[in-house]
Number of protein chains: 2
Amino acid sequence: MSETVATIVGLTGVIVAVTDEVPRVLAVRQVGDGNGGDALPCGPFDPERQRTLDSGLRRLVAEQAGLDLRYVEQLYTFGDRGRDPYERMGGPRLLSVAYLALTQEQPVRGSGDARWRDWYGYLPWEEWRFGRPPSIDDPIRPALSRWIEEAADAAERRDREERVGICFGLGAAPWDPVRTLERYELLYEVALVGEALRDRDGSTATTATASPLPGTTMALDNRRILATALGRLRGKLAYRPLVFDLLPGEFTLFRLQRVVEALSGQRLHKQNFRRTLAASALVEPTGRVQSEGRGRPAELFRFRRAVLRAKPTAGVAMPTLRPAP
Amino acid sequence: MSETVATIVGLTGVIVAVTDEVPRVLAVRQVGDGNGGDALPCGPFDPERQRTLDSGLRRLVAEQAGLDLRYVEQLYTFGDRGRDPYERMGGPRLLSVAYLALTQEQPVRGSGDARWRDWYGYLPWEEWRFGRPPSIDDPIRPALSRWIEEAADAAERRDREERVGICFGLGAAPWDPVRTLERYELLYEVALVGEALRDRDGSTATTATASPLPGTTMALDNRRILATALGRLRGKLAYRPLVFDLLPGEFTLFRLQRVVEALSGQRLHKQNFRRTLAASALVEPTGRVQSEGRGRPAELFRFRRAVLRAKPTAGVAMPTLRPAP
DNA sequence: CACAATTATGCTCTTCGCGAGCATAATTAG
DNA sequence: CTAATTATGCTCGCGAAGAGCATAATTGTG
């Protein structure tokens, strides 16, 4: 029960919106560290003003970007030693309670310099909508192969092979959109992300790569938090009606599908998507139609809240699709 | 960036084991509060000694109960104002990072007075293996009905009905074993758990109930943490091979089923459970058999790690069963 | 020893979710 | 009018899962 002052508690938010079929997260220019990279909106947890962690996060985002959030969910609390460079210089330990929040994209109004950024700009290997991400074939796969070769013994080699196979769907297992965190952590371990080099201080590239490291580097372990958030969101889409917090009150089924595709990072089978949706009774037609340029106008739908009463798991299905030939 | 000292960070663990088909959690006699109730093992987070939150939790449990844990997973961070009685008397805000941990039941060796307790002793309404829990019909259902009646207007009434229906499967929705937290929070709101009365200080029973309140009261919001853990565990059983961390290296399929049933709180269809398990290639026969008293001896199996390489989601199926007539 | 009770295990029947693809309807651009 | 484009309906087939019957291998008892 010693007065352990050497811990600072902070709140960090992954604020998500989808526009133009691009999933975006709110990012601020990093202030402290001098490298000018991106960072997630964050701030100290203030027990005086904040009744709950959730409300603290809401207030934080309201102040920094003038946004109101439609959905807020606690993600994870990060507290590993050394995640904060200040700590390595003798500062206090930083504990960050990370949150996932959803909203419609709205202009940023706050005092800070918060901007909407393409989520996949930070995690490009997660984007499979336009085919296999190039970064997987070029820097990632060969580096992982080398890493497997460098194993000390046969057992470690087998473990590494297994891990690579599971994470990137290179073995028997298919690509699993939810394993975002496992992938990021593997890439970090293999020093395929800038943070790994930075955190090793020397900045010595253990893994010599011809191509640049994939994805934009972020402050602290913020990219790990982004990966955590993406995995959580992808996983929950299928059994909780979260998408509707990213959409306006009325929307076409196609737009709904596009948002789901944007988040899951893969294309979905259109007819099956609609059939499953109809069967789930998750949406209901408003009776109005929307004509978007060419083609037959689409019917407008709205989220049907009443469905929560009847179904235990109410989420959108993700009918997978073979990769385009 | 003011030196906010008014926050204390603690670690709390839900340590789970299953023996004799009873799911148990580790509980200590509460020291401080005088009411002598049960509490979860917990301790301050010490940034000097603990490199990560996970290892901190492991160390804590090792010290308090002499247990080594086979699986550790962060659950949630609790930080609401007023969850700690000391805080209400002007003390610092208590932030608790809660963990779920699995192990085989082993004798408690530690310095503390930790004991294994029946999980359902704290959450009796979650136990459906022996039919509908009596507490649902007696104190819970009538109290919830009254609560619905007390709604201020029609809209609130509808909301309450919907919530009750979803939580307890009383409406169109079936009982969902995973919604443990929602249920606990509803019961708390309706003052059907002792903590609600205690936290309102006056201890005035708003909800007059003939029967005693269901489940053993715990310190702070520890029962909320228990409910969170149970829900998480139930949800993960189906897609992660967690059960095997509760079982010895070799086990019969029936024992495996019994453990899953104990945790999910419901009976499973035996033949289908085995068929699904066989199809999943999650276990492999050891070639040996075990004769347990009467009846045909059962074959012994072991967990087949290699399955992780091939399948993205490797968990035990939960073939539901109609309630016994 | 024969038989009942008990537990393990194999197999079938049926329904339903879902991947896949064909066909048709309703628009707009030229 | 026609082609292109998008929306939408329907079917086929496979495999997973709910439900239940049948059989095998034990133990304990009359």
Side-chain angles (χ1 to χ4, degrees), chain A residues 21 174-175 177 237-239 250-258 260-261 264 266-301 311-325, chain B residues 21 174-175 237-239 250-258 260-261 264 266-301 310-325:
Chain A
E21 308 183 6
W175 173 266
L237 279 184
Y239 64 96
E250 296 192 359
F251 46 84
T252 67
L253 295 188
F254 194 52
R255 180 164 180 192
L256 172 59
Q257 181 180 345
R258 286 306 194 198
V260 176
E261 288 177 343
S264 73
Q266 48 180 11
R267 292 271 171 237
L268 302 177
H269 188 283
K270 188 167 179 171
Q271 292 90 336
N272 289 341
F273 180 81
R274 304 169 81 102
R275 176 182 47 169
T276 321
L277 209 58
S280 76
L282 210 60
V283 296
E284 59 190 358
T286 65
R288 301 195 297 153
V289 293
Q290 184 182 40
S291 191
E292 266 186 300
R294 52 201 168 282
R296 169 175 168 178
E299 205 173 351
L300 281 168
F301 287 77
K311 313 248 296 184
T313 66
V316 289
M318 314 236 305
T320 55
L321 201 58
R322 292 275 156 275
Chain B
E21 308 182 7
W175 173 268
L237 280 184
Y239 64 98
E250 297 192 359
F251 46 83
T252 67
L253 295 188
F254 194 53
R255 179 165 181 190
L256 171 59
Q257 181 181 344
R258 284 308 194 196
V260 176
E261 288 177 342
S264 71
Q266 48 180 11
R267 293 272 171 236
L268 302 178
H269 188 284
K270 188 166 176 171
Q271 292 91 337
N272 290 342
F273 180 81
R274 303 168 83 102
R275 177 183 45 172
T276 320
L277 208 59
S280 75
L282 209 60
V283 295
E284 60 190 356
T286 65
R288 301 195 299 152
V289 293
Q290 184 182 42
S291 189
E292 264 186 303
R294 53 201 167 280
R296 170 174 166 177
E299 205 171 353
L300 282 168
F301 288 77
K311 313 249 296 183
T313 65
V316 289
M318 314 236 306
T320 56
L321 201 58
R322 292 276 154 274

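A note on names: the letters A, B, ... follow the listed sequences, proteins ahead of strands, and every chain is numbered from 1.
Rounded to whole Å, atom P of C:dA8 lies 11 Å from atom CZ of B:F301. Rounded to a whole Å, the CZ atom of B:F273 is 19 Å from the P atom of D:dG20. Nucleotide C:dA26 holds its P atom 20 Å from the CZ atom of A:F254, rounded to whole Å. One can place CG of A:L277 at 15 Å from C1' of D:dG9, the figure rounded to the nearest angstrom. Going from atom CZ of B:R267 over to atom C1' of D:dA19 covers 18 Å, rounded to whole Å. B:K270 has its NZ atom 17 Å from the C1' atom of D:dG18, to the nearest Å. Atoms CD (A:E299) and P (D:dA7) sit 12 Å apart, rounded to a whole Å. Distance, A:Q266 CD to C:dG19 P: 10 Å, rounded to whole Å.
By the 4.5 Å heavy-atom criterion applied to side chains, B:F301 and B:L253 are counted as neighbours.
Checked against side chain to side chain donor-acceptor pair (under 3.5 Å), A:E284 has the following partners two or more places apart in sequence or in another chain: A:R302. Every residue two or more places apart in sequence or in another chain that forms a side chain to side chain donor-acceptor pair (under 3.5 Å) with A:E261 is listed here: A:Q257, A:R258, A:R267. Partners of B:E250 according to the salt bridge (Lys or Arg N to Asp or Glu O under 4.0 Å) rule, which considers only residues two or more places apart in sequence or in another chain, are B:R288. Partners of A:R275 under the side chain to side chain contact (heavy atoms under 4.5 Å, CB included) rule, at least two apart in sequence or in another chain, are A:N272. Legend: residues meeting side chain to side chain contact (heavy atoms under 4.5 Å, CB included) with A:T252, ordered by chain and number and at least two apart, are A:F254, A:R255, A:Q290, A:A298, A:L300.
Considering every non-hydrogen atom in both A:S264 and A:P177, the closest pair reads O-CB, 3.9 Å.
Distance from the side chain of B:H269 is smallest to D:dG20 among C:dG21, C:dA8, D:dG20. Comparing D:dT26, D:dG18, D:dC12 by their closest approach to the side chain of B:P297 singles out D:dT26.
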Mind listing the N/O atom pairs, protein and nucleotides 23-25 of chain C, below 3.5 Å?
residue: C:dA25; atom: N3; partner: A:R296; partner atom: NH1; Å: 3.2

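Where B:R275 and B:T252 each meet DNA chain C at their nearest nucleotide, the meeting point lying more 5' is that of B:T252.
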